[in-house]
Structures are given as structure tokens and as C-alpha cells.
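Have a look at the structure below before the remarks.
Numbering starts at 1 and runs along the sequence shown.
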Amino acid sequence: MKTKSQDTQANPICSICIANYNGATVLADCLDSVMSQKDAPSFEIIVHDDASTDDSVKLLRTHYPQVIIVESKNNVGFFISNNRMVERARGDFILLLNNDAALHEDAIASLYDHAMIQRPQGILTPPQYDWRTGKLVDRGCFLDPFYNPIPNLSADRNDVAMVIGACLWLPRELWHKIGGFPEWMVSIAEDMYLCCVARLFGYPVQVTRSSGYRHWQGMNFSGRQTECSLLVSTYKRRILSERNKTITMLIASPASLLSVVFPSHIILLGIEGAVTSLFTKNRKLFTEVYLQLPFLILNVRRKILFFRRRIQKNRVVGCSFFLSKFRLVPRKLILLLQFGLPEVN
């Protein structure tokens, strides 16, 4: 790994961290949106290039000399990429920004203003809008009992269970208190993990009332809603999503809830896998995703137990507070009725 430093701010207030892998087609829009910020506090931009095979690094060196480039010789994944950038960061605040996201011109100013009145200073995001349609996607999310995100669309509610990691702001001190991303989880649901742990530690997870960002949802892992209102995903995304949501449930859930929810979760996933595979005539979906999940969890059980002990030991909120941002809503059933069975490639 090598770092090319192009610092323009001696003492940045915010470090904007952009993980990139083969994102040359979207990276310019992302960076241009950052460069166009109005009334923003001082910031530095760090891009971790995860051994891209496209022209990403050439684009950065040619058109964005002010960007600090962290080049990886090997493809290490999203979690390690972000951990490396935050280790390099100097700002009091961190903004994790996807390369397929673009900020509204007042986004950083809005985040900073909100952070200055937030007590204690926790996790923030602006409202998320779909890149193609401009439609509001969410103002953060609540969670159902099985840790499936439920989009919040109400401007009157800004305290949520989690925010999407495509644009996630938090104090650097809080990042280090949480311990960053568990690198053994590789990718997906990093935002859920970070927000759940922050809430257990007594920090708010909130959405600004103003500004926003546009996002190509799921571009990095090919998970998206098509223009025909179909859900499209990949085997890799499905298994990482189900695995890491389950890991977060095992680490963050109160013991009294976990004893009931976890067995129900595994049973329902088995039913979901059997029904989905049957109706889509896709046996591979069952064998490579749902059948593999229990074994994948068992393979990392010691790490799960270690993280659970550390986090539960340091939590400062009660069960009722943590669960206050959960909703008794069958999120997957709603998606099934709305979009039909997902297409997996």
C-alpha cells in the first residue's frame, strides 16, 4: 500500500473518506459534488483505491491533485479500505462517502451545523435521494425485529435506528471508541453495525432536516431496484447481507430478545430460502446463500462472542431504549408484495 499526499488543508475539520474500486464512471460526479460545497468547514478528501483495474487512479492524479490517494496493491474490501482512510484522517469529523453518491451543495455545512448542536455528538446523515429519479429514498431507517431496514420517510422524525453508509458522518473519536469496522465481516451492513453499536454506547443516530445526497443504490454490489420495479441482486451481495445482518443481531441484541429472535430468524430464513428457490426455480440460490448461512455464522462464532462481550460490557442504554427504534413490521414481506421475488444473478 502506498499513499500520495496532496494536502490542501493544514487543520481540516472534516475528513471525507471515499472507498473506490473500479468507480471511474461515477467518481468524478462524487468528487465534483464535494468540491462544489458552499459554506462548508475546512475538509480534506481521502480516496482509497482498492486495486482498481479501470482508470480510477489516472482520473484522480490528472483531475483531482488535491485528493489524498491511498493505493492498495491488493483488493482488500470495503471494511479495510475505510479503516485505512480513517487511520490516515486528521479531521475531528469523518464523512464516509460512497463513490456512487453525490452531495447536495450544502450537505457538509448542514451536517456540521447539526453536529454542533447534537449532544452527545453521534452519527448523522442527510436525506437520501435516488440518483436517477430524484425521489426520496429515506431519512434514515428503523429496523424490524430481524434487522431488516425500514425506510423513514417522515421529516418529523430525525432519530432513527440506522443511516445508510453511502453518506455517514460521525466524530473521529466515536469511530475509534467503536473500533471501526470489523474487518472479518468484509463488506455490507457496515452502517447497521456502526449505528447499532453507537446507540448501545448512548450516542444518537440522526438525520438532518435539510440538504441531501443522490445515490446510485447498490451499484457497488449490483443490488438495486430496476426501472421495472424489480429487485435485482447477486449471490455475493445476498450472502454478505444475510450473514452480516445476522452477525449484527448476535452482537447488538439484548440477551432477552436474542433468545427468541435468533431461532425465529434462522427458521424464517430457511423457509424464505426454500420458497424463493422453489418459485424462481433457482436451486443455486438455496444452496449458495441460505444453506451456507448457518455454517458461515459458526465459522466466526468466536469473533462474534468476543465482540458481543466487549460491546455489551460497554453499553450504557437499557433494552427499551435500544429497541425504541425497532418496528413490528414484516419488512421482507412488504418488499415481496411490492416488488415480487428478487432476481439474483
Side-chain angles (χ1 to χ4, degrees), residues 12-19 29-45 82 86 89 91-131 133-143 149-175 177-178 190-199 201-217 321 324-325 327:
I13 291 175
C14 176
S15 296
I16 302 171
C17 300
I18 303 170
D29 286 326
C30 175
L31 289 170
D32 288 346
S33 77
V34 175
M35 303 296 187
S36 301
Q37 291 298 296
K38 294 183 177 180
D39 301 319
S42 60
F43 59 81
E44 63 180 356
I45 306 170
N82 279 281
V86 178
D92 295 329
F93 296 95
I94 302 297
L95 177 61
L96 305 181
L97 186 65
N98 275 20
N99 62 357
D100 58 359
L103 301 172
H104 291 189
E105 63 181 11
D106 60 342
I108 297 179
S110 179
L111 288 164
Y112 180 71
D113 289 345
H114 193 121
M116 290 300 98
I117 60 174
Q118 193 182 39
R119 293 295 181 271
Q121 290 179 331
I123 292 177
L124 288 169
T125 193
Q128 176 185 195
Y129 296 89
D130 183 79
W131 188 292
T133 66
K135 181 180 178 181
L136 176 68
V137 175
D138 66 66
R139 297 176 180 272
C141 296
F142 299 106
L143 293 173
I150 304 169
N152 169 41
L153 301 178
S154 173
D156 296 327
R157 294 192 297 259
N158 73 326
D159 280 287
V160 291
M162 64 167 287
V163 301
I164 303 304
C167 182
L168 189 154
W169 166 291
L170 79 167
R172 184 156 55 101
E173 182 180 354
L174 176 56
W175 170 275
K177 185 173 183 178
I178 292 172
E190 76 289 340
D191 41 17
M192 182 183 297
Y193 170 84
L194 203 69
C195 292
C196 284
V197 177
R199 294 190 65 244
F201 287 180
Y203 292 88
V205 176
Q206 297 178 330
V207 185
T208 63
R209 297 190 183 277
S210 60
S211 194
Y213 70 99
R214 296 176 291 128
H215 183 210
W216 284 101
Q217 298 177 76
F321 177 86
S324 65
K325 305 307 176 189
R327 298 291 183 266

Assess whether side chain to side chain contact (heavy atoms under 4.5 Å, CB included) is satisfied between His215 and Tyr129, documenting all intermediate values.
CA-CA 6 Å; His215 183 210; Tyr129 296 89; over 6 Å; no

Distance in Å, [X] [atom1] paired with [Y] [atom2], rounded so as to fall on 0.5 Å steps:
X: Gln128; Y: Tyr213; atom1: CD; atom2: OH; answer: 3.5 Å
X: Ile16; Y: Ile45; atom1: CD1; atom2: CD1; answer: 5.5 Å
X: Ile108; Y: Ser211; atom1: CD1; atom2: OG; answer: 9.5 Å
X: Asn82; Y: Glu190; atom1: CG; atom2: CD; answer: 7.0 Å
X: Leu168; Y: Leu95; atom1: CG; atom2: CG; answer: 8.0 Å
X: Gln121; Y: Leu174; atom1: CD; atom2: CG; answer: 10.0 Å

Side chain proximity check, [X] to [Y], heavy atoms < 4.5 angstrom:
X: Val86; Y: Ser15; result: no
X: Leu170; Y: Tyr203; result: no
X: Asn158; Y: His114; result: yes
X: Leu96; Y: Trp175; result: yes
X: Trp169; Y: Thr208; result: no
X: Ile123; Y: Asp191; result: no
X: Val137; Y: Ile164; result: no
X: Gln118; Y: Pro171; result: no

Mutual orientation of the aromatic rings belonging to Tyr112 and Phe93 [parallel < 30°, tilted 30-60°, perpendicular > 60°]:
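Ring orientation of Tyr112 relative to Phe93: perpendicular.
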
Grab the two heavy atoms, one from [X] and one from [Y], that are nearest each other, plus how far apart they are.
X: Pro41; Y: Ile13; answer: CB-CD1, 3.8 Å
X: Lys177; Y: Phe201; answer: O-CE1, 3.9 Å
X: Ala155; Y: Arg209; answer: O-NH1, 2.5 Å
X: Arg172; Y: Gly91; answer: NE-O, 2.6 Å
X: Arg139; Y: Pro127; answer: NH1-CG, 3.3 Å

Is there a donor-acceptor pair under 3.5 Å between the side chain of [X] and the backbone N or O of [Y]?
X: Glu44; Y: Pro12; result: no
X: Arg199; Y: Met162; result: no
X: Asp130; Y: Lys135; result: no
X: Ser110; Y: Asp106; result: no
X: Asp138; Y: Pro151; result: no
X: Asn152; Y: Arg157; result: yes
X: Ser33; Y: Cys30; result: yes
X: Gln37; Y: Ala107; result: yes
X: Thr125; Y: Cys167; result: yes

Any chance you could lay out the side chain to side chain contact (heavy atoms under 4.5 Å, CB included) test for Val163 and Leu124, step after step, and finish with the verdict?
CA-CA 7 Å; Val163 301; Leu124 288 169; over 6 Å; no

Please report the C-alpha distance between Cys196 and Leu143 in whole Å, then the side-chain angles of each, then the deciding distance to 0.1 Å, and finally whether the side chain to side chain contact (heavy atoms under 4.5 Å, CB included) criterion is met.
CA-CA 10 Å; Cys196 284; Leu143 293 173; 4.1 Å; yes

Answer yes or no: are there more than 12 heavy-atom neighbours, outside Asp39 itself, under 6.0 Å from its atom CG?
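At most 12 heavy atoms, drawn from other residues, nucleotides or ligands, come within 6.0 Å of this atom.
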
